[in-house]
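In what follows, a structure is listed as structure tokens, so that the remarks can point back to it.
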Amino acid sequence: MKLSSYNLIIYKSPYSYWYNTFTKNFFRLSMELGEKVSARLEEGPGEETDLPASLMDKLKEGGFLIDDDFNETEAVKDLFKKAVNRKNYFMVVLPTLDCNYHCWYCIQNHVDSKMSDETLKRIKLHIGHMVNVEKIESLHLDWFGGEPLLYFHEIIEPVSRYAMGVCEKAGIPFMNSTTTNGYFHTKDKAQLCKELQFLQFQITLDGNREFHDNVKFQKGCESTFNHVLANIDRLLSLYEEINFVLCGVLKNIDGSEGLRL
């Protein structure tokens with residue numbers, strides 16, 4: 001047996017934290033015990049050792065101790081080749097450059113626009129080609145804009161249903177995600193998001209309700225902050241297989257800019 005070249009030990013009282021950057025396994029020991037174990041292993045972690053069998057098993061299972069003939073360099077190269085040559089397809093789709101908000105900090109020009117029927121048709125053809133000809137191993141559609149949900153039923157739904165059908169027939173995983181302001185996740189759309197396998201949402205919240213509503217406002221909506229939070233709560237209540245990335249700028253009490261998320 002030999003020590004892995006990818007072991008990382010951090011000593012921070014009262015513990016020592018053990019992490020292997022190759023296997024991503026980790027555990028912790030007391031600082032005193034960690035120092036003793038580390039010193040003992042540096043002397044030579046042969047099969048004959050006075051270290052507890054349970055600890056030795058943990059070190060072997062976690063990849064901290066490896067067989068003498070195991071070539072970690074070649075293993076890393078193999079992982080790199082697999083990552084470069086993997087056929088998991090990530091596709092960003094913009095249904096529109098328009099948006100229902102006009103946030104002062106936005107760098108985009110929100111022009112009145114909508115994906116044409118011809119482009120929609122070509123996207124479907126492209127998805128079919130990638131699945132059936134290029135033989136991708138998974139498909140991830142990420143909807144961006146503008147505000148992509150402005151055209152949920154006209155664009156997102158038909159493309160997603162087509163992609164789901166093609167992927168199901170080919171036996172490969174499919175998922176949807178979107179970067180959105182969260183305003184249009186009404187009851188019917190939230191239910192459809194679950195049906196269309198939306199598993200990740202990135203939504204911007206500009207601080208607390210006061211600051212958010214001063215930046216993002218919608219005719220007929222008293223508080224877009226409350227509206228978006230209600231939509232998020234609705235999505236969370238519908239299904240567990242969901243991931244939210246909330247981003248924006250948190251304001252300090254005096255109104256100055258605080259933490260940017």
Side-chain angles (χ1 to χ4, degrees), residues 86-102 106 108-204 216 218-221 224 227-228 230-245 247:
R86 67 181 181 178
K87 306 197 75 174
N88 301 312
Y89 196 54
F90 179 81
M91 181 176 177
V92 181
V93 187
L94 280 72
T96 180
L97 294 176
D98 201 2
C99 183
N100 56 306
Y101 291 148
H102 298 282
C106 188
Q108 291 183 327
N109 293 320
H110 295 311
V111 296
D112 184 14
S113 58
K114 176 186 175 184
M115 180 186 293
S116 68
D117 292 339
E118 179 62 24
T119 300
L120 191 150
K121 178 182 177 181
R122 288 178 177 273
I123 287 176
K124 289 182 177 180
L125 288 173
H126 178 70
I127 290 173
H129 174 81
M130 294 305 296
V131 172
N132 298 317
V133 179
E134 296 296 332
K135 302 297 182 182
I136 58 175
E137 297 174 358
S138 68
L139 175 61
H140 177 178
L141 295 183
D142 185 60
W143 300 91
F144 196 73
E147 172 48 49
L149 269 71
L150 278 171
Y151 295 105
F152 188 92
H153 296 296
E154 300 94 324
I155 298 172
I156 294 178
E157 184 176 1
V159 171
S160 297
R161 290 195 184 281
Y162 174 79
M164 289 170 62
V166 172
C167 289
E168 182 178 4
K169 187 175 181 179
I172 64 172
F174 169 79
M175 73 167 284
N176 266 319
S177 65
T178 182
T179 298
T180 170
N181 58 43
Y183 184 84
F184 292 107
H185 288 95
T186 54
K187 186 176 181 179
D188 65 317
K189 288 189 178 68
Q191 185 62 49
L192 275 173
C193 282
K194 178 181 180 181
E195 185 179 329
L196 298 177
Q197 300 180 38
F198 273 86
L199 301 182
Q200 179 171 301
F201 301 86
Q202 179 170 313
I203 297 177
T204 301
K216 291 177 166 62
Q218 181 75 24
K219 185 177 180 180
C221 181
T224 57
H227 182 84
V228 170
N231 286 344
I232 292 174
D233 185 62
R234 179 183 293 112
L235 286 166
L236 289 171
S237 67
L238 279 174
Y239 54 117
E240 296 180 356
E241 310 85 7
I242 190 171
N243 179 38
F244 274 99
V245 178
C247 56

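For this chain, numbers begin at 1 and follow the sequence in order. Predicted model only: the values in this text are computed from it and were never measured.
- The salt bridge (charged side-chain N to carboxylate O under 4.0 Å, His left out) test applied to Glu168 returns no partner, not counting sequence neighbours.
- Once rounded to the nearest 0.5 Å, the distance linking OG1 of Thr180 with NE2 of His185 reads 5.0 Å.
- By the 4.5 Å heavy-atom criterion applied to side chains, Trp143 and Ile155 are counted as neighbours.
- Within the 4.5 Å cutoff, the side chain of Phe174 has no heavy atoms near those of the Ile127 side chain.
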List, one per line, each side-chain donor-acceptor pair under 3.5 Å for residues 87-99, sequence neighbours excluded.
unit_1	atom_1	unit_2	atom_2	d
Lys87	NZ	Glu134	O	2.2
Asn88	OD1	Ser138	OG	2.9
Tyr89	OH	His126	NE2	2.7
Thr96	OG1	Asp98	N	2.9
Thr96	OG1	Ser113	O	2.6
Thr96	OG1	Ser113	OG	3.3

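- Thr178 pairs by the side-chain hydrogen bond (donor to acceptor under 3.5 Å, both in side chains) definition with nothing, not counting sequence neighbours.
- Here the NZ atom belonging to Lys135 is positioned 11.0 Å from the NE2 atom belonging to His129, to the nearest 0.5 angstrom.
- Partners of His153 by side chain to side chain contact (heavy atoms under 4.5 Å, CB included), not counting sequence neighbours, listed by chain and number: Glu157, Asp188, Lys189, Leu192.
- Atom CD1 of Ile136 sits about 12.5 Å away from atom CZ of Arg86, to the nearest 0.5 Å.
- Closest of all the heavy-atom pairs between Leu120 and Pro158 is CD1-CG, 4.4 Å.
- For Glu137, the side-chain hydrogen bond (donor to acceptor under 3.5 Å, both in side chains) criterion is met by no residue, not counting sequence neighbours.
- Contacts of Ser237 classified as side chain to side chain contact (heavy atoms under 4.5 Å, CB included), with partners at least two apart in sequence or in another chain: none.
- At least one donor-acceptor pair under 3.5 Å links the side chain of Lys194 to the backbone N or O of Leu238.
- Scanning for ring pair (Phe, Tyr, Trp, His ring centres under 6.0 Å) contacts around Tyr183 gives His227, with sequence neighbours left out.
- Going from atom CG of Leu196 over to atom CD of Gln191 covers 10.0 Å, rounded to the nearest 0.5 Å.
- Take Ile242 and apply the side chain to side chain contact (heavy atoms under 4.5 Å, CB included) test, not counting sequence neighbours, and it matches Phe201, Leu235, Leu236, Tyr239, Phe244.
- Residues Ala163 and Leu139 approach most closely at CB-CD2, 3.9 Å, considering heavy atoms.
- Every side-chain hydrogen bond (donor to acceptor under 3.5 Å, both in side chains) that Ser160 has, sequence neighbours left out, goes to Asn176.
- Judged as a side chain to side chain contact (heavy atoms under 4.5 Å, CB included), and not counting sequence neighbours, Glu240 has no contacts.
- For the pair Lys187 and Arg234, the tightest heavy-atom approach, listed with the atom from each and the gap, is CA-CD, 3.6 Å.
- Atom CE of Met115 sits about 15.0 Å away from atom NZ of Lys121, to the nearest 0.5 Å.
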Chi angles and distances behind the side chain to side chain donor-acceptor pair (under 3.5 Å) call for Asn181, Glu147:
CA-CA 7 Å; Asn181 58 43; Glu147 172 48 49; 3.2 Å; yes
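- Every residue meeting the side-chain hydrogen bond (donor to acceptor under 3.5 Å, both in side chains) condition with Asn243, not counting sequence neighbours, appears here in chain and number order: Gln200.
- Here the side chains of Leu141 and Ile156 are not in contact, with every heavy-atom distance at 4.5 Å or above.
- With a 4.5 Å cut-off on side-chain heavy atoms, Cys167 and Val131 count as touching.
- Here the options are His140, Gln197, Gln202, the test is side-chain hydrogen bond (donor to acceptor under 3.5 Å, both in side chains), and the partner is Ser177; only His140 passes.
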